[in-house]
Every structure is written in C-alpha cells, then in structure tokens.
Amino acid sequence: MLPWPSVEVIRPRATAIWGCLPAWSGAFPGPRFKGWILPRISPVFPLGTWRPGWPVGRLLQSLPGTVRLCPELSGPGGERVQEFSSMSWLRVVDARSAPVGSRVTLKGWVRTRRDSKAEGGLSFVAIHDGSCFDTIQLVVKGDLPNYASEVTRLSTACAIEADGVIVANPKGGNEVAVEAGQQGAIRVVGWVDDPDTYPIQPKPHTMEYLREQAHLRVRTNTFGAVTRVRHCLAMAVHRFFHERGFYYIHTPIITANDCEGAGQMFKVSTLDTINCPRTPEGGVDYSKDFFGKQSHLTVSGQLNVETYCMAMSRVYTFGPTFRAENSNTSRHLAEFWMIEPEIAFADLAADAQLAEDMLKYLFRTVLTERADDMKFFAERIEKTAVERLTHIVDKPFLRVTYTEGVKVLEDAIRTGKKKFEYPVKWGTDLQSEHERFLTEEHFKQPVILTNYPKGIKAFYMRLDDNCEPDRQTVSAMDILVPGIGEIVGGSQREERLDKLDQRLEEMKLNKADYWWYRDLRRYGTVPHAGFGLGFERIIQFITGMQNIRDVIPFPRAPHLAEF
RNA sequence: UCCCUGUUAGCUCAAUGGUAGAGCGAUCGGCUGUUAACCGAUAGGUUGUAGGUUCGAGUCCUACACGGGGAGCCA
C-alpha cells in the first residue's frame, strides 16, 4: 500500500544534509535506489534553515530548485536513515504539500463537516492530526457505500481513516478527493458519543473553560499550536547548547538539602502521615524516613549543576522544578520547567551574553520552524507576536545597572511622568510596576538589569569589587521583557571561599549544610556564572498567551491537580 | 495569603425584587464546490452550594466552594 513512510533526515557533518526521498509517484526525476530517490541537499541553504527530522519531501516542495541530486550515492552516504515503515499513512502536513495525483491514506480527527447536495451528494470534511496548524479538506463523494449511513453523521472529533487522491482545491492548496470510483474510502475509527455535549465545539471557547477540559483542549487550534511551539522550543534549547559544547546534566528531582533556600518546598516522604515515628522531643523522626533525612522536591538544579560545571566547563539542566508557594497569578506554577546553564571561567558579562544569544536563538528558531503557528498567534492571540520577535532579534538587549535603573525611576517620579504605588529607593527590591515601567514604557524593549544590592540577592552571588561604601552590590542580572516581567534571573557565582563564608554567616545559614558546595571553592575554584530561564514564561512571551496555565499541558497550582 | 470581581441552557452572555431570554453550538429540514457558510424549525434550565430577609429572590443579606484580574513570592 502506498503511500511512503516518513523518513528521518540527518545532518552528518554540518555542511550538507543527506537523506532518502520517497518516490513521489514519479513527481521528481532523479536517480533511484530501491524505490527511493537519493538527493543530496546542497549547503547553499543557510545553516540552520531546516532540521533533522524534517522529511526531505517537504523541503523539496517548499524550496524547489535548491536541491542537487547525487547519482553516485548507493545509500544515504553511509549515514543513518531511519524508516518508520510501520507508519504507512501520510501526515496532514505532508499531504498539504504532496504532488497532485498522489494516492494517499490519511488518519486523523474531524474538525468540521459541511454537506452539499451537488453532484449527487458531497461532503467537505476537514481533518487534523497535529502535524501542522492547518487541516486538510477531504471532498467525499456520495457514491461511497457508507456515505449516508456514516459520512453524513460525522461530527467534530470523530476519528477516521481516508483513502483518496491529492487534488488541487479551486481556491488554492491541496485537498483530498475521496470517491468510490477511485477506490476511495472513509473508515470511521472512533465515533463521538453525544455531539451535543462534546465539550469542544467548533466555535471560540474561553481559556478558562478550556482549562477545565484540559484532557480535550489540545484538540483546539490554540492548544495544538502551543504544543508544537513548546516542542520546537524544547528541541531548540538542547540544540543551542549542544552546538556550543554544553553538556546536558540530569540534576536530581529529589533533594535532601534543606538549604536550597528559594522558597517553600514540597516534602517527599514514605512515612505514615498519621502514625509517623517520633523523636524523643516529639518531632517527626526523619531518620526513619526513606532517605534517612528530610527530603524535598527540588526548587532549582543550580547547586548541583555547579559541581558539574567545575569539571565539564559548560553545562546546563532542563527539567521540572517545584515551588510550594501559594502563588495565584498568571505567571506562576507549582510545577514548571527551568533551563539553567552554568559556565566556567566566565563573568557576569559572559553570562548576560549567553542569555541574550540563547533567547534570540529561540526566537529565530520558532519564527522559522513554526511560522504557521506563529501566524495564528499573531492573528488571534496577540497582534504583535511575530512582529516584536522579529524586531528583538535584530538589535542588542539594553544593559542597565540596578543603580541606573533606580535613577530612571526616580527621575520619572520627580518629573511627574509616572506615579507608583510603591516608593523607589536604592537598596530595596524593584516592584512589578517598576520593572514593567522600565521594560514596557521607558526602554520599550528587553532590558538586562545588573549589579543589584547584595541585601536583596542570594548568598551565592559574587560580591562586586570597588563598590562605594554602603552600596555593596553583587554580580546578578535579571532580564526583563515587556508583558511578562522577569524571564531570566542569573549571576556570577562567588568563587572565593572566604567571601562565600562571609555571606553564609551574614545570612545566618549553616556552613556545615553547604560542605560540598564549599568544597568546590576549596579545590580548583574558578570564576563561573549561570542563569535560570523559566521555560513556560518564554513560551508565554513568544506566543502572547496571557496565562501561564495555558502553555503547559497539565498545569499544577494551588488547588489545581485535576488532570 | 491580601484586595477587586464574577458564577444563569453544551458554550458566550442578557433579564427595575414580580411568567427564564438571545447568539453560537447540537438535532431535523431547505439551499449550496463548501471552508467563521446561509435560511427555517425543534430540543435544551432545581439561575454554584447552604442558610436568611420578603406576599414573592437570578436579583437583597451571610457563610462556603470554585473561576478571573491585580499584589506579594519568584522563573
């Protein structure tokens, strides 16, 4: 049975892409090998235009004339080509670009159905399968044996298989003609129980409502688009670091350090919550617990990843983190994903540059690879979604010290340009309204704020040299973006043991608890720096989705763990 | 956790303290190479829960539950 299997294309040496091209029913001339056309895609493409995993067929379709065929190949250049031969149907994204006349089988779910009495019965059935934003339309003729009994009863979300022929839609694009005369068929795989009460109707729903239907909401345009963008970004994160020689470190989810410090933690325990073992003083005896001491879900992989940084030079973590704070906002989750790189022999400036490069890489990638979804976000979710990313990619982020930032705020107040609810004073933390003013109204672009007063920052941040008396700062930075606020928080770490100890003391932390962290400063310490990037927040910023609960598949927040 | 606000048909929302309404969706019919289709008809309700005031409560009062916006905490 046609059609062709999906083919994974790999990039062996960063100069060319080799791969197998399905023989599109003879649509492309060229040398053949066991039924495959074997192209070599020349490096005339700018590097990074496309990626491993994209079928070559799509590239040929979207970029005609830029592919050279290499007849000398007897295989895919000795490189790995993986065939998913068990998948013998075509995805919607490939059907949309397949040559007219191809026989295809499609599998997917019905979005909409419209009927016509013309030509002895005709139904237009739009189906989707997640492979791209758009649906493809099946034009089903009334001559199918199950036309009246099944096809005209199809409703939103019915699962079907369709055999048909790719034809051109009169108004542009591809569609699939399904008629008995051409061995076409519609097979219903799964019906929808009661179309009247199916929660996802072909009409606009509010985000709040869809949140209550989290198991079904991915079937909508919006959540399908969010899902593809999220995936695209996750892959881009790994690619960004991998291409720059970073190692991906799997830091632990469970931690027995009660010293992570960044807020309330979830307890991890196997003790009986009602009859737990007691210490003589009446407290819970955690020595009888699974880990022999009190343990928690991690709030950050940073301290662990620093240890790996002190041998591997460039490392990062990308995993879930947990905060048991009672935060109820559109920017907070109890379970969220964080990207935390750590670089050795680096200062704050290098750290900021890495963060800026990474953000721009992510923006560029999503604009290229998910243009279809980004177009949708710009049309329906946030008008400037595409425009502002394009804009940001082109110019350097602004670097402003905390002290300069405070001056800007004070000037704005003095000249009556702006009124704030909270006062601005050097040494205190900036409020949301202050940060928003800086990035949204004053600078109107992403801003890297640096060198904060030490009193408002964590113990591990490096003390700046040559500070004014009473104005001691640390090498910390926050990246603020319009609409979201803080998206990155990072710092150069304190690599000098005496200074670190001094800070631990000042903040009344127990040195003994940090023995292994302090060891890093005793044995071959080097200047190093890193940052944390909230993955959901970057998705929010890119897509314009207003609530963070709508950019993660199953959000976890206070009183929210239904799905 | 605090402040503000909301909860009425499958969904989005109306309804001076006096008979519960519309649009969309669904179902049926008509028209149509349709694509946010269009036209007509039908079905669909213990007004978030529990109390209270009143001759009478969707509407006023109290408590609770849940949703949303903002703040704090942060990413």
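Protein chains get the first letters and strands the later ones, always in sequence-line order, with residue 1 at the start of each.
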Length of the line joining [X]:[atom1] and [N]:[atom2], which is rounded to integer Å:
| X | N | atom1 | atom2 | answer |
| --- | --- | --- | --- | --- |
| A:Arg111 | B:rA37 | CZ | P | 13 Å |
| A:Leu480 | B:rC74 | CG | P | 14 Å |
| A:Glu435 | B:rG72 | CD | P | 9 Å |
| A:Gln213 | B:rU12 | CD | P | 10 Å |

Could you pick out which residue, A:His559 or A:Leu333, lies toward the 5' side of RNA chain B when each is mapped onto its nearest nucleotide?
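Nearer the 5' end of the strand: A:His559.
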Reading RNA chain B from 5' onward, which residue's closest nucleotide shows up sooner: A:Gln137 or A:Asn326?
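The 5'-side residue here is A:Asn326.
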For RNA chain B, what dot-bracket results from Watson-Crick or G-U pairs at under 3.5 Å, with [ ] for crossers and | for inter-strand partners?
(((((((..((((....[..)))).(((((.......))))).....(((((..]....))))))))))))....
Indicate for each nucleotide in nucleotides 25-31 of chain B, in 5' to 3' sequence, whether protein heavy atoms under 4.0 Å reach the base (B), only the sugar-phosphate (S), or nothing (-).
BSS--S-
Do A:Asn174 and A:Asn169 get their side chains close enough for a donor-acceptor pair, meaning under 3.5 Å?
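Note: A:Asn174 and A:Asn169 side chains miss the donor-acceptor criterion.
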When you compare the side chains of A:Asn146 and A:Ser149, does any donor N or O come within less than 3.5 Å of an acceptor on the partner?
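Absent: no donor and acceptor within the cut-off.
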Can A:Arg493 and A:Glu342 be counted as an ion pair, charged N to O under 4.0 angstrom?
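Here A:Arg493 pairs with A:Glu342 in a salt bridge, since their nearest N and O are under 4.0 Å apart.
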Do the side chains of A:Arg91 and A:Asp94 get close enough for a salt bridge, i.e. N-O under 4.0 angstrom?
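A salt bridge links A:Arg91 with A:Asp94.
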Can you check whether any acceptor in the base of B:rU34 is under 3.5 Å from a donor in the side chain of A:Asn169, or vice versa?
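Yes, a donor-acceptor pair under 3.5 Å.
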Distance-only donor-acceptor test, A:His205 side-chain atoms vs B:rC11 base atoms, 3.5 Å
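Not at all, since no donor on one side and acceptor on the other fall under 3.5 Å apart.
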Main-chain N/O of A:Met461 paired to A:Ser491 side chain as donor or acceptor, under 3.5 Å:
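Not confirmed, A:Ser491 side chain does not pair with A:Met461 backbone.
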Is the distance between the ring centroids of A:His242 and A:Phe240 under 6.0 Å?
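Aromatic pair excluded; centres sit 6.0 Å or further apart.
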